[in-house]
Amino acid sequence: MIAPETEQGVAEAIRAAHDARQPLAIEGAGSKRGMLRPVRAAETLTTRALTGITLYKPAELVISARAGTPIAEIEAALAEKGQQIISEPPSPLGVGGATLGGIAATNLSGPRRIAWGSMRDHMLGIRAVKGDGEVFRSGGRVLKNVTGLDLCKLLSGSHGTLGVLTEITFKVLPAAEATGTLAVSVPDVAAGVRALSAGLGSPFGVSGAALLPGGLASLGLAGPVALLRIEDFAESVTYRKGRLREVLAPYGDVSLVEGAAARSLWRGVRDVTFLDAAPDEAVWRLSVAPSAAAAVCAALPGAKLMLDWGGGLIWVAGEASEAMHAAVVAATGPGSFTLFRAPDALRGAVAVMPAEPAPLAAISARVKALLDPAGILNPGRMGR
Amino acid sequence: MQTNFTPEQLQDPELKVANGILRTCVHCGFCTATCPTFVELGDELDSPRGRIYLIKDMLESGRPASELEARHIDRCLSCLSCMTTCPSGVNYMHLVDHARRHVEETYTRPLPERALRSVLAMLLPHPGRFRWAMRLAKLGKPLRGLIPGQGTTAKRLRAMLELAPEHIPAPQPVTGTHPAEGARRGRVAMLAGCAQQVLDPEINAATIRLLTRMGYEVVVPPAAGCCGALTHHMGRHDPAMATARANILAWDAEIAAGGLDGIIVNASGCGTTVKDYGFMFRNEPEAEAAARVSALAMDITEALARFDYTPSRTAPPFTVAYHSACSLQHGQKITALPKQLLAKAGFVVKEPAEGHLCCGSAGTYNMMQPEISAKLKARKLANIRRTGAAVVAAGNIGCLTQIGAGGPPTVHTVQLLDWMAGGPKPKAIEGL
Amino acid sequence: MIRLPAPKPEVMARRPQILAGLAALVPADALITEELRLRPYETDGLAAYRQMPLAVVLPRTTEEVAAVLRFCHQQGVRVIPRGAGTSLSGGALPLADAVVVGLMRMNHILDINFEDRYAVVEAGVTNIGITQAVAGDGFFYAPDPSSQLACMIGGNVMMNSGGAHCLKYGVTANNLLGVKFVTIEGEIFEVGGTHLDGAGYDWLGLITGSEGQLGMVTEVTVRILRGPEGARAMLAAFSSIPIAGQAVDAIIGSGIIPVALEFMDRPCIHACEAFAHAGYPLDAEAMLIIEVEGSVAEQDALLARIRDICAQFSPISMKVAESAEQSLAIWKGRKGAFGAVGRISPDYLCMDGTIPTGELPFVLGRITQMSEQYGLGVANVFHAGDGNLHPLIMFDANDPASFAKAEAFGADILKLCVEVGGCLTGEHGVGVEKRDLMTVQFTADELDLQRAIKSAFDPAWLLNPAKVFPLEGNKVLDAA
């Protein structure tokens with residue numbers, strides 16, 4: 001395992017691998033090693049030694065850190081100034097320790113994404129190393145910037161296959177003064193999604209909208225539960241909780257969740273621990289239009305489910321088989337899917353995400369060849 | 001915006017004004033979105049910015065207008081929506097007026113079009129001739145389907161016949177002096193107009209009733225007639241100036257004789273032009289008189305607000321859709337007043353969506369550009385219907401005729417206001 | 001004056017055949033070829049630059065767009081995509097050998113879904129047209145560039161347009177779900193959909209803000225948001241620019257993110273007041289427009305906090321809008337600001353650099369000094385919350401020396417923005433205007449990388465060439 005402590009070190013390692021045509025598995029803390037397809041590489045390059053916050057200007061709502069900086073470290077620094085990472089980075093399935101680079105490269109976001117945008121949405125600038133060892137920048141450190149092609153977006157969610165992020169600058173916001181959570185007992189997933197849509201379609205600034213089909217034992221709620229969160233100034237939260245309660249009343253019994261219970265609830269949603277996936281089960285992450293969610297869930301009887309983002313993000317756990325995978329893909333319809341976790345045999349055998357349309361795939365191949373000419377960055381990870 | 005006039009060209013006072021207007025334009029394009037023809041046709045050439053560009057090129061080169069320039073300038077409704085939108089304050093009205101005159105003077109239109117335009121210019125400004133033509137048109141209306149062909153002229157003829165009313169009201173002469181009822185609070189002149197008094201003489205009658213009832217003496221000098229807008233917008237400079245001059249002299253004589261508290265115009269298309277006399281005559285011997293007249297000119301709603309209109313009846317629970325005539329909202333920037341007066345009179349007033357878009361009437365536009373006009377009319381009617389209103393009020397006869405054919409009954413705002421102040425219920429809504 | 005690549009002689013020579021070929025692809029009224037009718041398409045919102053195109057096509061369908069691009073690709077003809085032509089960076093400036101493809105006739109709203117909170121619209125729908133279509137149900141489309149009345153969503157996607165309210169709601173890129181994309185080869189495919197954050201490379205993010213370099217967008221799926229219960233704007237007037245800058249810092253530092261936080265200096269206040277009659281403080285050197293959202297009580301609470309903060313900076317006056325009309329008038333002035341400067345100067349160049357907000361007082365001070373050096377007036381209006389400056393350099397386009405000075409002044413401002421850690425353009429795009437300044441912000445290698453990505457989409461550089469990337473060092477265009 002190569003663990004450079006500097007960007008130059010990353011560049012040199014990649015250049016050497018490029019010259020030797022030696023494939024590299026790229027990772028931060030390795031917490032998402034099991035995502036998508038297995039990487040075909042004997043050597044691993046990790047950014048975990050490339051750490052440290054390099055710039056933090058609370059008044060400008062901007063922070064920069066090296067890619068290997070643990071998310072926890074950044075969150076702690078922000079909390080000191082009353083700020084937070086907007087997209088609420090998750091530790092999916094309870095696997096923590098993620099680095100900033102890992103979260104950026106996988107573009108994983110938590111419940112707040114539905115209202116305030118994804119990790120990708122707040123990335124202002126990057127430094128990265130291409131597959132030939134060359135360092136490049138895109139974006140910058142200001143909040144609005146449309147100068148040139150936006151390679152921050154291209155690299156976010158590229159799973160290390162287009163370059164290795166070395167430093168990321170992103171926008172942060174003040175943490176809310178107060179939060180409030182409403183839990184609605186709903187008869188089924190369809191009704192639950194309608195409740196979430198009603199909340200998100202209300203003027204009360206819902207910043208989290210999840211659905212637990214299996215209920216919430218800790219609150220003594222057996223049937224499906226829709227969860228809605230408000231974060232704002234204290235007086236607003238008080239007011240909006242009341243108003244939102246009126247909006248949600250037609251959908252089922254509404255109860256309030258406060259304090260530590262609410263915080264642990266949203267942590268459970270964020271980290272997908274409510275899915276309760278067994279170690280031998282495969283896990284899929286689907287993104288669909290919320291109104292399609294009920295049909296998707298209905299098409300997967302027996303699967304474990306957890307919904308976030310107003311019903312648009314569906315986590316599925318089930319048998320790690322090709323048949324189950326085919327069923328999940330079919331259920332997803334025009335939405336998008338990711339085989340998030342599975343035994344190597346399965347994730348090496350199936351399409352782990354939707355294929356690009358042919359003309360786009362051709363462009364995609366050209367871009368990949370451009371950024372990783374020797375094909376050494378995380379080969380196989382995204383199916384190529 | 002950069003312009004390329006020679007110093008010699010800028011000696012010409014008209015071109016100097018045009019250059020000043022063009023220099024104000026920063027080419028931001030805001031005007032395109034609120035221009036009815038751009039919204040319908042989707043070509044920059046049929047937007048104010050495109051026309052300004054075309055006009056700039058035409059005037060800079062000094063060349064005669066071509067069929068192309070005539071086509072795109074003719075398609076402009078002169079609704080002046082662009083002037084409401086324009087942040088830079090470009091006086092598009094004066095620029096397009098200038099361009100129309102240039103087209104009229106330098107371009108020879110095809111014979112049928114020339115003939116048609118001449119007929120309209122001969123008929124419309126003269127109530128006697130126009131009434132006579134309307135009677136003929138009424139007879140011809142059932143035969144409009146027999147006009148052969150899909151050519152422009154055929155379409156225009158059919159559109160003209162289509163517009164002929166089923167019922168041509170008896171004339172109600174208004175010239176002379178109408179004394180105030182009770183104590184006289186003031187004295188105003190009223191523009192009797194031309195086409196309006198043929199199509200709906202009740203509008204003048206209601207205006208006079210209401211004003212005299214409020215204590216104002218209303219004079220309609222016999223020498224005053226058409227305001228000149230119809231010919232002015234056709235680019236026919238000399239006839240327009242002649243009729244306008246007659247008005248200026250007649251009203252200025254009244255100013256000298258008994259003083260005037262206002263020159264009341266109840267057709268907003270005419271109002272926009274009368275308010276512009278000062279500019280039109282800036283280089284004429286009558287410049288001062290024209291400026292005096294323009295300063296006194298006011299829309300009937302402005303006059304009623306100033307004279308403190310007060311209703312005396314309780315209004316029925318009508319919902320009135322207020323249609324803001326372009327000449328009123330864009331030309332004269334009168335937007336809230338008529339709605340406030342109608343509300344004061346007790347009506348529930350609703351405003352249709354896309355209120356900034358023209359109904360397609362626009363003077364002679366509905367006859368000369370029947371296809372675009374029909375599209376705009378359909379769009380307007382759909383928006384009006386969505387309000388669910390029983391009656392449409394507007395301040396311009398062109399709109400009333402255009403919308404009235406196919407939509408809910410239309411009345412002039414002043415008719416509703418007169419009714420609520422003691423006048424008769426307008427005939428158009430007798431059944432309501 | 002900006003240099004444009006030489007027209008391809010073989011294209012110019014085949015103009016009649018090319019026009020005939022285009023005529024076979026679209027209805028007669030969708031093809032413009034006469035010189036007089038092409039004239040209005042020679043420029044856009046940056047009227048200082050002009051170039052007549054070879055032809056203009058105004059397609060009505062994606063298939064027509066694809067057919068035209070396919071044909072142009074086969075024939076080696078350059079293509080300039082155009083929306084409403086409101087670009088302030090010359091993004092739609094034609095080339096002599098190029099066909100302008102204008103999307104203004106593709107102005108239909110195709111689908112609105114309130115449950116899933118999206119709208120599918122054709123690229124020629126105006127920005128405000130989307131909001132108008134959903135406003136009846138309490139929704140809106142968040143990005144609101146000042147030209148929102150006229151600018152079209154297709155252009156917004158291509159320039160990644162921002163607006164006054166993006167401090168809270170983000171820019172175009174943050175409010176898109178998908179697009180229908182047409183490549184220069186005439187291939188049509190969907191990117192994204194009606195869902196969030198699909199798996200795979202973020203092509204949508206790359207396409208957004210790509211300034212017509214990669215392909216054309218004919219349909220757009222945008223997120224629509226439920227509007228707040230209400231919103232109210234307040235004006236705070238200060239005696240100097242640095243003091244107003246400090247007030248901005250203090251507001252953000254307090255944890256309040258107003259939905260908009262806009263800044264105007266004295267010349268701009270005067271020009272806008274003449275247009276909008278909004279009651280702007282004419283005695284102020286600097287004014288902030290601060291907008292908050294929520295119920296009336298929430299607005300009151302937030303405005304009270306903001307007033308307390310502003311009060312620490314000895315404001316000349318503070319005024320809270322008392323009605324929806326007053327708020328509208330306040331925004332009318334702000335949104336018409338660029339055009340309104342047309343009242344005090346025949347022409348202006350609008351700069352668009354972004355700086356770290358901490359550098360505001362320093363940069364505005366330097367701009368004032370430069371204004372004196374160059375002898376050209378400048379009016380400042382900008383998004384203070386995110387440091388996106390809009391200095392409006394006033395000049396006289398009829399005086400070539402004045403224009404040259406304005407360009408140099410603008411370049412100096414943008415270099416300064418980059419020097420203090422900012423960028424050349426925050427929301428207007430590089431276009432043709434800032435093309436040659438790209439070397440100030442990027443290294444040659446970084447520019448080559450971006451060029452290579454364009455080449456991956458458009459190997460022959462037929463799409464909107466001569467924009468974004470400096471001509472110097474452009475291997476493909478040089479070879480051509």
Side-chain angles (χ1 to χ4, degrees), chain A residues 57-62 82 107 109 113 117-118 120-121 134 136-137 140-150 153-154 156-158 173-174 177 197 200-203 233 235-236 239 287-291 309 312-313 334-338 353-354 356-357 359-360 363-364 366-367 370 382, chain C residues 114-117 159-160 162 170-171 174 183 187 189 193-203 205-206 209-210 226-229 249 252-253 255 257 294-295 297-298 301 354-358 386-388 421-427 429-430 438 441-442 445-446 449-450 452-453 456-457:
Chain A
K57 299 265 184 183
E60 295 177 9
L61 308 174
V62 171
N107 186 30
S109 309
R113 191 271 172 265
S118 63
R120 158 267 205 202
D121 284 317
E134 242 184 62
F136 69 95
R137 304 165 304 159
R141 54 157 286 201
V142 286
L143 298 188
K144 249 160 109 189
N145 183 351
V146 296
T147 322
L149 294 178
D150 190 350
K153 302 276 193 309
L154 187 61
S156 78
S158 69
L173 281 181
E177 195 175 271
S197 285
L200 289 164
S202 79
F233 287 103
E235 56 263 51
S236 276
Y239 164 77
S287 184
V288 300
S291 61
W309 300 355
L313 177 69
S336 179
F337 65 88
T338 305
M353 62 173 65
E356 288 167 341
L360 180 57
I363 293 168
S364 190
R366 291 199 286 272
V367 171
L370 187 69
M382 293 180 83
Chain C
F114 292 112
E115 189 180 358
D116 292 337
R117 298 170 300 282
M159 306 312 262
N160 193 11
V171 295
N174 312 121
T183 67
E187 302 279 1
F189 54 84
T194 55
H195 54 273
L196 293 167
D197 304 353
Y201 295 147
D202 184 11
W203 299 115
L206 183 70
S210 63
R226 174 64 195 251
E229 283 191 272
D249 270 4
I252 301 269
I257 304 296
S295 66
E298 289 176 292
T354 306
I355 56 168
T357 50
D386 47 32
N388 185 194
C423 65
L424 296 174
T425 170
E427 57 185 0
V430 177
M438 286 288 273
Q441 190 173 332
F442 293 104
D445 285 346
E446 285 164 347
L449 174 59
Q450 293 185 35
I453 288 175
F457 283 77

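Basis for what follows: all heavy atoms, side chains included, without hydrogens, waters or symmetry-related copies. In what follows, chains carry the letters A, B, and so on, assigned in the order in which the sequence lines appear, proteins first and then strands, with residues in each chain numbered from 1.
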ask   = Is it the side chain or the backbone of A:Tyr239 that comes within 4.5 Å of chain C heavy atoms, both, or neither?
value = side chain
request  = Let me know if C:Thr183 has heavy atoms under 4.5 Å from chain A in its side chain, its backbone, both or neither.
outcome  = side chain
ask   = So, does C:Thr357 use its side chain to make a donor-acceptor pair with the main chain of C:Gly387 at under 3.5 Å?
value = no
key: chain C contacts, top residue of A:Ser118, A:Ser156, A:Ser291 (heavy-atom pairs, under 4.5 Å)   = A:Ser291
ask   = Considering only heavy atoms, which portion of C:Asn174 lies under 4.5 Å from any heavy atom of chain A: side chain, backbone, both, or neither?
value = both
key: Residues A:Glu356 and A:Ser364: side-chain donor-acceptor under 3.5 angstrom   = yes
key: Contact check, side chains of A:Thr147 and C:Phe442, non-hydrogen atoms, under 4.5 Å   = yes
ask   = Tell me, side chain or backbone of C:Glu446 under 4.5 Å from chain A's heavy atoms, or both, or neither?
value = side chain
ask   = Which one, A:Lys57, A:Met353, A:Arg137, leads in non-hydrogen pairs under 4.5 Å with chain C?
value = A:Arg137
query = Heavy atoms, side chains only, cut-off 4.5 Å: are A:Glu177 and A:Glu235 in contact?
reply = yes
Any side-chain heavy-atom pair of A:Leu370 and C:Ile453 under 4.5 Å = yes
message = I'd like to verify something: which residue of A:Ala59, A:Pro290, A:Gly335, A:Gly117 has the highest number of heavy-atom pairs under 4.5 Å with chain C?
response = A:Pro290
ask   = Non-hydrogen atoms of chain A under 4.5 Å away: do they reach the side chain of C:Phe189, the backbone, both or neither?
value = side chain
query = Considering only heavy atoms, which portion of C:Ile257 lies under 4.5 Å from any heavy atom of chain A: side chain, backbone, both, or neither?
reply = side chain
Top contributor to chain C contacts, counting heavy-atom pairs under 4.5 Å, from A:Pro357, A:Gly82, A:Ser236, A:Ser158 = A:Ser236
request  = Sort out for me which of C:Ala452, C:Gly294, C:Pro356 touches chain A most, counting heavy-atom pairs under 4.5 Å.
outcome  = C:Pro356
ask   = Can you check whether A:Pro203's main-chain N or O pairs, donor with acceptor, with C:Glu229's side chain at less than 3.5 Å?
value = no
Check: C:Glu115 side chain, A:Ser197 main-chain N or O, donor-acceptor pair, under 3.5 Å = no
inquiry  = Is any side-chain heavy atom of C:Trp203 closer than 4.5 Å to one of A:Val367?
reply    = yes
query = With a 4.5 angstrom heavy-atom cut-off, which part of C:Glu187 approaches chain A: side chain, backbone, both or neither?
reply = side chain
inquiry  = Between A:Val62, A:Leu200, A:Leu173, who has the most heavy-atom pairs with chain C when the cutoff is under 4.5 Å?
reply    = A:Leu200
query = Between A:Gly148, A:Pro334, A:Pro354, A:Pro58, which residue shows the highest count of heavy-atom pairs closer than 4.5 Å to chain C?
reply = A:Gly148
task = Evaluate the side-chain proximity of C:Thr354 to A:Asn145: yes if any heavy-atom separation is below 4.5 Å, no if none is.
result = no
